[in-house]
Each structure stands twice: as C-alpha cells, then as structure tokens.
Amino acid sequence: MNGEIAQLDERYLWHPFTQQREWQGSEAPVIERAEGTDLIDREGRRYIDGVSSLWCNVHGHRHPLIDAAVREQLDRVAHTTMLGLTHEPAARLAQRLVELAPPGLARVFYSDSGSTATEIALKMAFQYWQQRPSVEDRQRRSFVALHDAYHGDTLGAVSVGGIELFHSAYRPLLFEAHRVAPGDPAELEKVLTRHGDEIAGVIVEPLVQGAAGIRVQPPGYLRSVRELCDRHGTFLIADEVATGFGRTGTMFACEQERVAPDFLCLGKGLTGGYLPLAATLATERIYEGFLGAHEECRTFFHGHTFTGNPLACAAGLASLDAFQREDTMLRLQPKIRLLGELLADLAAMPEVAEVRGRGFMVGIDLGERDPAARMGHRVTVEARERGAIVRPLGDTVVLMPPLAISKADLRRLVEIVGASIRAAVAHGDRPSLETGGPAGAAQLARAA
Ligand SMILES: Cc1ncc(COP(=O)(O)O)c(C=O)c1O
C-alpha cells in the first residue's frame with residue numbers, strides 16, 4: 001500500500017484475521033469504487049470480485065435497484081430502533097423471508113451479522129427448552145456441532161465452532177458441545193442415542209462447510225440429520241449464512257434435500273451483500289414457547305442497537321426483487337455448468353490436488369504443502385496482480401463469485417486462478433502477509 005490512505009491505515013487500523021506486523025508495508029489495494037462484479041482501486045485498476053466481498057455480494061456492486069431502494073429509504077429514515085417501534089421495510093422483508101424459506105419457518109428475528117444470527121438461534125433453542133413445563137425437556141441444555149464447523153466469531157458461535165487451534169485460545173470462555181464428523185449420520189445417531197435427551201439442538205452448515213475449506217457433505221446427509229433430530233425430539237439449526245441466497249444453486253441449500261429446519265440463520269447475501277443485516281427464522285412452535293405474561297419472564301432478552309436497520313431491510317427487499325426481476329436463480333444454472341467445465345481443467349493441473357464445491361461455492365485444494373510456504377495466500381497475491389480478488393482457506397483457494405457474474409468474467413476468473421496457481425507454485429516460497437479471514441483459522445491450524 002502507498003499514499004495517504006495507506007499511511008492512515010497503517011497508523012490507525014486493525015484488520016480482521018490479520019497479523020498486523022506483516023500487514024505493514026503490504027501491497028493491498030485501496031478500493032475506491034466498484035462496477036458490477038469489478039472492484040476498482042485508487043489507481044483505477046480493476047479486479048473481479050472473485051469472493052463476492054467475503055461471500056456476500058449477489059447481484060454485483062452498485063446494482064441500480066438496490067442503490068435506489070437504499071437512497072429512497074435514506075430520504076425517509078436511516079435508523080430507528082425495533083425496541084418499542086416497528087417500520088415498513090422490516091415487516092415487509094420478514095413476510096418475504098417467511099414466504100421464501102422452507103416450510104414451517106414463521107418468525108423472523110433480525111440482527112446484524114452471521115455470528116449474531118447463529119448466537120441467537122443457540123440462545124433461543126436453549127431458552128425454549130428451559131421454559132418447557134416438563135422436567136425432562138428442561139434437561140436439554142447442550143448442542144451437537146460438526147467438526148471443523150464455523151458459525152461466527154462471537155463466543156456462543158465459537159463454542160459450536162470446530163476450527164481447533166484458532167478457537168482454543170478462548171476455550172476457558174466457551175461452553176462444551178458434542179462434536180460429530182460431518183457426513184456421517186451413524187456418528188450423530190450414536191451421540192443422540194446416548195445423549196439425545198440432553199440435546200437442545202444440532203447445528204449444521206447445510207451441504208457445504210465453507211470456512212472448513214469448502215467441505216461438501218455427501219448427498220442425503222442433511223436429510224438424515226433432519227430425521228435423527230426428529231427421532232430424538234431435538235431442533236435442527238441450519239446455518240445458511242454462507243449457503244443462503246443462491247450460493248449452492250438453490251435459494252437455500254436445505255431445499256436440495258427437502259429439509260425444513262427449526263431455525264434458519266441468514267446473513268451475508270440477505271441484503272445482496274450491501275449492508276449488515278442478519279435474520280434468525282424460527283417455527284411458530286418455538287415462537288409460542290416464548291409467549292406468556294410479563295411476570296413469567298419468557299421474553300427473549302436479546303437485541304442489538306441496529307437490529308432490523310431500515311436501510312439494510314430496504315436493501316434486502318430490493319435484493320429479493322432483483323432475484324425475481326432478473327430470474328437470478330434460473331440464469332445461474334448455465335453459469336454453474338460452465339464453472340464446472342472450467343474447473344475440470346483446473347482439477348487436471350498437477351499443482352491441484354482436488355476441486356470441490358456446490359454451485360458457486362468452490363474450493364481448489366492445493367494439497368499437502370509446506371505450511372510456511374503459505375501457498376494459498378501466495379495464489380491470492382498472484383491473482384491480484386492479474387486482476388482478480390480471491391481468498392485462501394489455508395492451502396485451499398476459494399472461488400465464490402457474485403451470482404450475477406457474466407460468463408466471460410467467469411472464464412477470465414478461472415483463467416486467472418489457474419495462471420496464479422501455476423505462478424505461485426513455480427516461484428516458490430516468499431513471505432506472506434495476512435492470515436486469511438475465517439480461513440486463517442485453518443491456516444494457523446496447519447501452521448502449528
Ligand atoms: C456458515 C457461517 N456462519 C456464520 C458466519 C459468520 O458470519 P459473520 O462474519 O457475518 O459474523 C459465517 C461467515 O463466514 C459463515 O460462513
């Protein structure tokens with residue numbers, strides 16, 4: 001980085017998942033504006049946004065429909081609390097989400113990040129069981145989570161997270177959760193058979209575990225998890241913060257296995273990737289478990305200042321309009337097929353161990369490499385020089401373009417990534433800069 005902004009950044013900022021000592025003097029672009037699926041830096045260099053600005057952009061940047069909706073809302077009110085008040089964008093968006101979500105999800109609780117969406121689901125599930133009349137139900141106090149899970153960075157979300165080394169620093173602050181191997185229903189069955197009466201909920205990232213390195217679950221797994229939760233009378237919490245809003249090829253990943261969870265956690269793409277908004281959807285049964293006289297204290301005592309922010313809700317509504325008007329999901333299907341064809345070429349490269357993913361959620365695994373070489377990170381630096389922003393998860397390069405990307409740009413993105421992998425491997429080791437976002441966890445784990 002250079003120039004005044006770089007100096008201010010280095011003097012005052014503290015970046016997420018970043019070793020600041022290595023960040024100093026780095027060449028990170030200073031992004032000034034964007035057009036469609038391109039980010040543009042202060043020098044006018046363009047980069048394809050190959051990770052959708054951390055997996056959230058859907059329709060591209062500066063989308064006319066969403067821009068106009070946010071501007072219109074700005075002319076009314078930018079923020080007003082949902083404690084004791086309500087507003088039109090929050091109510092209308094809640095209706096649209098309930099209509100769109102898998103059946104049975106009837107209530108929308110807003111917050112402002114994926115972490116808070118999952119944190120809220122955990123707290124709601126826990127409190128629901130504590131408020132049940134039967135003593136047996138009140139024994140349901142713990143959760144089952146998948147190995148290598150990622151549900152966010154707040155302490156509840158970290159407690160059910162499974163990226164070990166990264167989370168272990170906080171171990172004394174966390175609650176215990178049962179862990180099972182993703183993709184293996186037999187293991188979940190064993191845990192539920194032994195501890196089922198104590199389980200408040202099973203939390204999963206449906207179909208694909210993103211931050212674990214784009215780990216894909218075998219077909220039928222999610223359905224089995226649903227059936228096991230039903231058999232043992234516990235809740236299924238589907239964390240679709242990453243997979244939601246078209247990312248895996250359907251609006252929600254749960255649809256692909258005809259699964260309706262008891263809780264659905266949404267974030268990232270909810271506003272088309274424009275503004276911080278998250279939602280935890282719950283069934284009417286759960287909602288009713290919180291109803292009672294004031295003095296019964298069944299209230300859900302949780303809420304953030306910017307819960308249901310009107311600008312963000314307006315962006316969310318406009319994003320759903322864009323899905324409809326532009327037939328986003330229909331137009332995505334041939335692009336998913338094209339991406340599959342393009343990736344077959346990458347998978348055949350000697351430098352690539354495996355390509356995995358679903359829809360527009362792809363991991364290109366560079367195989368067992370010297371952690372000190374930080375090959376995944378080096379690929380992202382090479383890609384930047386060639387005009388694309390991608391991110392590593394350890395030695396897995398993640399591709400998650402906006403759903404709106406053109407076929408031509410999709411081709412160019414995959415070409416750039418292929419060339420960057422070749423260059424990174426050919427150039428050998430050189431010092432790296434950042435630890436790599438949520439993926440930094442996996443990266444650190446490998447480095448240990
Ligand atoms: C599955 C999943 N859940 C939760 C989160 C946390 O979301 P946020 O970063 O908005 O807190 C993420 C972020 O990557 C995620 O992938």
Side-chain angles (χ1 to χ4, degrees), residues 15-18 51-58 109-123 143 145-163 166-167 170 177 182 201-217 222 225 236-248 252-254 261 263-281 302 304 306-307 309 312 315-316 357-363 390-394 396 398-400 435-443:
H15 286 258
F17 284 97
T18 299
V51 282
S52 298
S53 294
L54 212 57
W55 314 0
C56 63
N57 189 279
V58 178
F109 192 98
Y110 289 117
S111 59
D112 37 39
S113 75
S115 305
T116 54
T118 54
E119 194 87 24
I120 285 163
L122 296 170
K123 285 179 72 177
F143 291 90
L146 303 184
H147 287 301
D148 302 318
Y150 182 78
H151 299 292
D153 295 333
T154 55
L155 287 175
V158 170
S159 294
V160 289
I163 299 182
F166 190 74
H167 292 157
Y170 308 106
V202 176
I203 182 163
V204 298
E205 291 158 83
L207 302 193
V208 184
Q209 287 184 282
I214 317 295
R215 298 271 160 196
V216 182
Q217 296 152 11
L222 182 64
V225 173
L236 171 60
I237 302 169
D239 174 357
E240 292 231 27
V241 169
T243 54
F245 300 99
R247 195 44 69 190
T248 65
F252 301 111
C254 283
F263 292 94
L264 179 68
C265 305
L266 302 174
K268 291 191 185 282
L270 173 54
T271 60
Y274 260 57
L275 285 161
L277 183 70
T280 306
L281 275 66
H302 188 114
H304 304 278
F306 291 106
T307 285
N309 170 262
R358 254 325 153 82
F360 259 25
M361 202 170 177
V362 172
V390 293
R391 297 283 302 170
L393 285 164
T396 297
V398 175
L399 278 193
M400 255 200 243
T435 50
Q443 209 163 17

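It should be emphasised that the depicted structure is a prediction, and the values quoted were computed from it without experimental measurement. Here, residue 1 is the first one in the sequence, and each next residue gets the next number. All ligand and atom numbering here is 1-based and tracks the order in the structure.
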Novice: Answer with side chain, backbone, both or neither: which part of Trp55 has a heavy atom less than 4.0 angstrom from an atom of ligand 1?
Specialist: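 Looking at Trp55 and ligand 1, just side chain atoms fall under 4.0 Å.
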
Novice: Under a 3.5 Å threshold, yes or no: a donor from one side chain and an acceptor from the other, between Ser115 and Thr154?
Specialist: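 There is no such pair between these side chains.
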
Novice: Can you figure out which of Ser111, Gly244, Pro16, Gly114 has its heavy atom closest to atom 8 (P) of ligand 1?
Specialist: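 That would be Gly114.
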
Novice: Is any side-chain heavy atom of Leu122 closer than 4.5 Å to one of Phe143?
Specialist: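 They are in side-chain contact.
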
Novice: Compute whether any side-chain donor of one residue and acceptor of the other, for Asp112 and His304, lie under 3.5 angstrom apart.
Specialist: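 No, because no side-chain N or O of Asp112 sits under 3.5 Å from a partner of the opposite role on His304.
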
Novice: Would you please indicate if the ring centroids of Tyr110 and Phe306 are separated by under 6.0 Å?
Specialist: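 No; Phe306 has its ring centre 6.0 Å or more from that of Tyr110.
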
Novice: Do Thr243 and Arg358 pair up side chain to side chain, a donor and an acceptor below 3.5 Å, judged on atom types alone?
Specialist: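 Their side chains do not contain a donor-acceptor pair, so the 3.5 Å distance test is not met.
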
Novice: List every atom of ligand 1 that sits less than 4.0 Å from any heavy atom of Asp239, numbering the atoms from 1 in the order shown and giving each element.
Specialist: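 So the answer, numbered in order with elements, is 1 (C), 2 (C), 3 (N), 4 (C).
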
Novice: Do Val208 and Arg215 come within less than 4.5 Å of each other through their side chains, counting heavy atoms only?
Specialist: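 Val208 does not reach Arg215 side chain to side chain.
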
Novice: Under 4.0 Å from any heavy atom of Ser113, which atoms of ligand 1 are there?
Specialist: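 Those atoms are 10 (O), 11 (O).
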
Novice: For atom 13 (C) of ligand 1, tell me which residue out of Glu205, Lys268, His151, Glu119 has the closest non-hydrogen atom.
Specialist: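 Of the listed residues, Lys268 has the closest heavy atom.
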
Novice: Under 4.0 Å from a heavy atom of Ala242: which atoms of ligand 1 are those, numbered in the order shown and with their elements?
Specialist: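 Close to Ala242: 16 (O).
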
Novice: What atoms of ligand 1 come within less than 4.0 Å of a heavy atom belonging to Ser115?
Specialist: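 Going through ligand 1 atom by atom, the ones under 4.0 Å from Ser115 are 6 (C), 7 (O), 8 (P), 11 (O).
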
